[in-house]
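Read the structure below first, then the notes.
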Amino acid sequence: MSPSVGVVIPTRGDRPSLLRQAVDAVLLQDYPGELQVVVVADGRSPHDVAGVPRPVRILPNTLTPGLPGARNTGIAACGTDLIAFCDDDDVWLPGKLAAQVRALDEAGGEFASCAIEVEHGGRRVTRLAGASSVSAGDLVRSRMMMVHSSTFLFARGLLWPDESAPGGQNEDWDLALRAAKRRPLVHVDRPLVLVRWAGSHYAVRWTDRIAGLEWMLARHPELAVDPRGAARVRGQLAFCHAALGQRRAAVRWALRALAARLWEPRVPLALAVASGLVTAPTVLSALHDRGHGI
């Protein structure tokens with residue numbers, strides 16, 4: 001028998017059309033096992049959430065406000081073998097669930113991800129990992145953005161998102177990294193999720209992003225040891241401080257990034273923003289058009 005799957009979709013209820021597309025794409029999966037779909041309303045009453053067809057349950061977030069608490073509320077409400085996540089502005093593509101369940105079974109794995117298509121500005125870019133598994137070392141050296149929360153499928157009870165993540169930042173990276181430390185992630189390297197970046201609630205919350213990166217450094221000290229991983233995180237911190245107009249902090253983090261890796265590509269971007277040559281949103285938009293982030 002195919003394992004049962006609980007799908008958790010957190011929402012603020014402010015984009016009902018996208019939410020309906022996300023839910024419909026899950027319900028249309030050609031999967032023979034039991035499927036439970038739970039929409040978790042974060043910061044508002046379930047009665048105010050539109051665009052959700054029956055028999056999908058809509059629950060209030062009864063835990064810490066924010067994305068990790070909403071996801072944990074959904075996990076607790078599911079009595080299934082496996083748990084999957086989907087953001088309310090993303091879309092599962094046909095065959096996603098069946099391919100991941102099959103890959104987990106064949107590999108004897110605990111946690112699966114898959115490749116994605118990134119949509120931004122009317123363009124779509126495929127992001128592949130180039131591998132059938134993802135190790136903790138991979139996630140330290142690179143965030144591997146194709147290991148996206150909307151691709152996550154894992155054994156229920158294995159791990160829970162950490163609700164202490166500042167502003168919900170990096171809770172998905174932390175979850176994947178903790179899972180990979182147990183056993184390499186099983187990765188289906190085909191684009192099976194459409195990730196839409198234009199409506200992200202998190203992209204330009206610079207203060208939260210800084211706190212989230214510092215939180216990751218404290219939780220996973222190996223991020224500061226690996227030269228490439230250290231340079232990447234420090235380059236991100238430089239960019240976030242530059243976006244806030246904090247030039248001294250931006251330069252300080254840029255120099256620390258260069259000390260770890262001389263050719264860290266985020267450093268010139270951060271310094272360009274810090275010097276006023278370009279704005280942070282302009283840089284992000286250009287990167288997103290190519291399927292990349294900072």
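No experiment lies behind these values; they were computed from the predicted model shown.
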- Can you list the steps and then say if Trp173 with Met216 is a side-chain contact (heavy atoms from CB on, under 4.5 Å)? CA-CA 9 Å; Trp173 181 20; Met216 284 295 293; 3.5 Å; yes
- Query: Looking at side-chain heavy atoms only, is the closest gap between Val23 and Pro53 below 4.5 Å?
  - Reply: yes
- Task: Begin with the C-alpha distance, continue with both residues' side-chain angles, and end with the deciding distance and a verdict on side chain to side chain donor-acceptor pair (under 3.5 Å) for Glu34 and Gln36.
- Result: CA-CA 7 Å; Glu34 178 190 358; Gln36 297 180 17; 2.9 Å; yes
- Query: If you measure from CG on Asp226 to CZ on Arg141, what distance do you get to the nearest 0.5 Å?
  - Reply: 6.0 Å
- Task: With the side chain counted from C-beta on, respond yes when Val38 and Cys78 share a heavy-atom pair under 4.5 Å apart, and no when they do not.
- Result: yes
- Compare all side-chain heavy atoms of Val193 with those of Val195 and state whether any distance is below 4.5 angstrom. yes
- Answer yes when Asp90 and Arg196 have at least one side-chain N-carboxylate O distance shorter than 4.0 Å, and no when they do not. no
- Message: With a 4.5 Å cut-off on side-chain heavy atoms, are His187 and Leu185 touching?
- Response: no
- Task: Could you tell me which non-hydrogen atom of Asp81 sits nearest to which non-hydrogen atom of Pro3, and how far apart they are?
- Result: OD2-CA, 3.4 Å
- Could you tell me whether the side chains of Ser285 and Thr282 share a donor-acceptor contact shorter than 3.5 Å? no
- Message: What I want to find out is whether Glu264 reaches Arg232 closely enough, with some N-O distance under 4.0 Å, to be called a salt bridge.
- Response: no
- Query: Do the side chains of Leu19 and Ile9 get nearer than 4.5 Å, heavy atoms only?
  - Reply: yes
- Task: Output the distance between atom CD (Glu106) and atom OG (Ser132), rounded to the nearest 0.5 Å.
- Result: 11.0 Å
- Would you say the ring centroid of Trp197 lies under 6.0 angstrom from that of His120? no
- Task: Using only heavy-atom distances, determine whether the side chains of Thr11 and Arg44 contain a donor-acceptor pair under 3.5 Å.
- Result: no
- Value for CZ (Arg209) from CD (Gln169), rounded to nearest 0.5 Å, stands at 6.5 Å
- Show your working on side chain to side chain donor-acceptor pair (under 3.5 Å) between Trp215 and Ser164 and close with a plain yes or no. CA-CA 9 Å; Trp215 178 77; Ser164 70; 3.2 Å; yes
- Distance col, row His220:NE2 vs Leu139:CG, nearest 0.5 angstrom, shows 9.5 Å
- Query: Are Arg143 and Asp138 close enough for a salt bridge, meaning some N to O gap below 4.0 Å?
  - Reply: no
- Message: If the threshold is 4.0 Å, N to carboxylate O, is there a salt bridge linking Arg219 and Asp174?
- Response: yes
- Item | Leu153/Ile83 under side-chain contact (heavy atoms from CB on, under 4.5 Å): CA gap, chis, key distance, verdict | CA-CA 6 Å; Leu153 177 72; Ile83 292 292; over 6 Å; no
- Message: Do Val5 and Thr80 have side chains that approach each other closer than 4.5 Å (heavy atoms only, starting at C-beta)?
- Response: no
- Stepwise ring pair (Phe, Tyr, Trp, His ring centres under 6.0 Å) test for Trp206 and Phe239: CA-CA 9 Å; Trp206 304 114; Phe239 188 89; 5.8 Å; yes
- Supply the atom-to-atom distance Leu82 CG to Ser4 OG, rounded to the nearest 0.5 angstrom. 7.0 Å
- Heavy-atom distance under 4.5 Å between the side chains of Leu194 and Arg124, does that happen here? yes
- How long is the span from the CG atom in Asp88 to the CG atom in Leu18, to the nearest 0.5 Å? 7.0 Å
- Query: Would you call Arg71 and Asp87 a salt bridge, taking side-chain N to carboxylate O under 4.0 Å as the test?
  - Reply: yes
- Message: In the structure I gave you, are the side-chain heavy atoms of Ser149 and Leu67 within less than 4.5 Å of one another anywhere?
- Response: no
- With distance as the sole criterion, is a donor-acceptor pair present between the side chains of Ser150 and Trp92 under 3.5 Å? no
- Message: Would you call the rings of Phe152 and Phe85 parallel, tilted or perpendicular, taking 30° and 60° as the class edges?
- Response: tilted
- Using distance alone, with no hydrogens and no angle criterion, decide if His148 and Arg127 have a side-chain donor and acceptor under 3.5 Å apart. no
